[in-house]
Amino acid sequence: MFHISDLKKFNRCPRIFLLDQITEPTPFRRMVRLDDEVTALAAEYLGAKDCFVGERGDDPAKSMRALQEHEWILKARFEYGGLRIKVPFLHHVEDGYDLYFLFVGLFPRADDMQFYCDTVWVLEHLQIPLKEIRIIHLNASYVREEELDLSRLFVTSSHFYNSKNHLSTSVRDAIYANMKDLSRQIAKMETAMSEPLPEAVRTGRCAGRQKCRHYERCFAQESELPCNSILTLTGTSERYAMSREGIQWLKDADPARIEGTPMQYAQIMADRCGGLYADRNALKSWFRDVTFPVSFIDFEWECFAIPPYRGMKPYDVLVFEYSLHTLQEDGTVDHKVFLSVHDDRRKFVEEMLKDVPETGTVFAYNADGAEKIRIRELAELFPEYRDQLLSINERMKDLQVPFVCGYVYDTRMKGVWTLKRIMSMMDEPGYHELDIQQGMDAVFQWRLLDREDKNADSEQIADELKAYCGMDSYATLVVFNWLRHLCDEQA
Ligand code: SF4
């Protein structure tokens, strides 16, 4: 018996499906916080009464009986042809059932139809007559007041949304137009279960937008690549073809087959120059407007699907920590850190405005994609501090720019521009010495503090969070010093 998730895996790559059968499952960790039992909230929104609520492991016959006995059927398990599904909501109406899907996002789109189609395929084969088919989703423009208003938090739509977030095709029409007979695919999956594991074949599904969790196992040799391997060349799938044809090193890359981005140029030049490439003129020019005191800042934040506090929208973020290193012209360095739980954004802002010097350049790594956005959000939330907050943004520079613009590349970066990777090249204490080593780990630990988890050692977690965020701002300072040093060196 299979689930829709198995079908999705098999469609992506039969090897993922089979590896998942034989490897220990990695515990599911939700990137976005979802404390509320969203099905219960949606049931309340729908006014569902006289409900049957299904449970994991239910016999599907129980759900079939519930159809006769209850007006609303929630989370019921059904099964047909070897495929087991969980249906969010069925509502008994005249001559049949209205089906409601639950999408815990803002704009359900018709580009990933499999869950919807496979669910309807099973229900159709069980001869459950479906009338309306709708999707309940979160309302992007809802702003929470003191209490959660379910009538405004959720939206019921009988249409998908297009890329401009406008209503487009009907949910029902799209499902019936895309629904496929699953019998043959289920049979193929059953056969695959008794066959040897297929060879790993690289496709766009291995490492596209979402890297396959089995990538390291399938392509173990890549973790041992020499720093200047052609396979570290970024932004081109031609690197694999060149490697197969015997081009092994960055310095030998065929210019006619690559896009020639600044990053690629820097990578190739680094290999030709013995491992390091630095466009010193470009670097000097980029650093020209830097003034002391120079600050290095890093934020940590949580993202909530359902707004927990007044003034928040679905999927809003809540900053909870900053670390700030400040470098004076005489070389002295000062460090401040702020960490809070629950909603302490006002204090966050007030402390930050006290700590960040009123003059001088402020650096953050990936500032344009993170800290600057968070500061703009805070300026909107606290208009009384707007000018001071936006003045920090005006003085803020993104230290990632010299790397992504190809001003500098060291082959030890192996095609990766993260602060952690660059820090690993420095002769400094690094992330590997910390208990928390990843941003999402920091968020998961903070959740324990925020939920006041009785099993968690809150003091230790707070120390670890301060150490991790502190390392981010410290690493930004170290990378800044390295780049300045490069500017001063003779080519
Ligand atoms: S890394 Fe590629 S070949 Fe390996 S399981 Fe994933 S998708 Fe399949």
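Whatever order the structure lists them in is the order used to number ligands and atoms, beginning at 1.
Of the protein's non-hydrogen atoms, the one nearest atom 3 (S) of ligand 1 is V201 O, 3.7 Å. Of the protein's non-hydrogen atoms, the one nearest atom 4 (Fe) of ligand 1 is C218 SG, 2.3 Å. Looking at atom 6 (Fe) of ligand 1, its nearest protein heavy atom turns out to be C212 SG, 2.3 Å. Of all protein heavy atoms, the one closest to atom 2 (Fe) of ligand 1 is C206 SG, 2.4 Å.
For K313, the NZ atom is loosely surrounded, since the number of other residues' heavy atoms within 6.0 Å does not exceed 12. In R205, the CZ atom is not crowded: 12 or fewer heavy atoms of neighbouring residues, nucleotides or ligands sit closer than 6.0 Å. More than 12 non-hydrogen atoms from other residues, nucleotides or ligands lie less than 6.0 angstrom from CD of E259.
Among all heavy-atom pairs drawn from Y142 and P307, the shortest one is CE2-CG, 4.0 Å.
Backbone or side-chain N, O or S atoms of C13 reach atom 8 (Fe) of ligand 1 at under 2.8 Å. Not a single N, O or S atom of H214, from either the backbone or the side chain, sits less than 2.8 Å from atom 6 (Fe) of ligand 1.
Taking the six-membered ring wherever Trp is involved, the centroid distance between the rings of F2 and F10 does not fall below 6.0 Å.
Using a cutoff of 4.0 Å between basic side-chain nitrogens and carboxylate oxygens, D410 and R412 are scored as salt-bridged.
Selection from L197, I16, D20 by nearest heavy atom to atom 5 (S) of ligand 1 gives I16.
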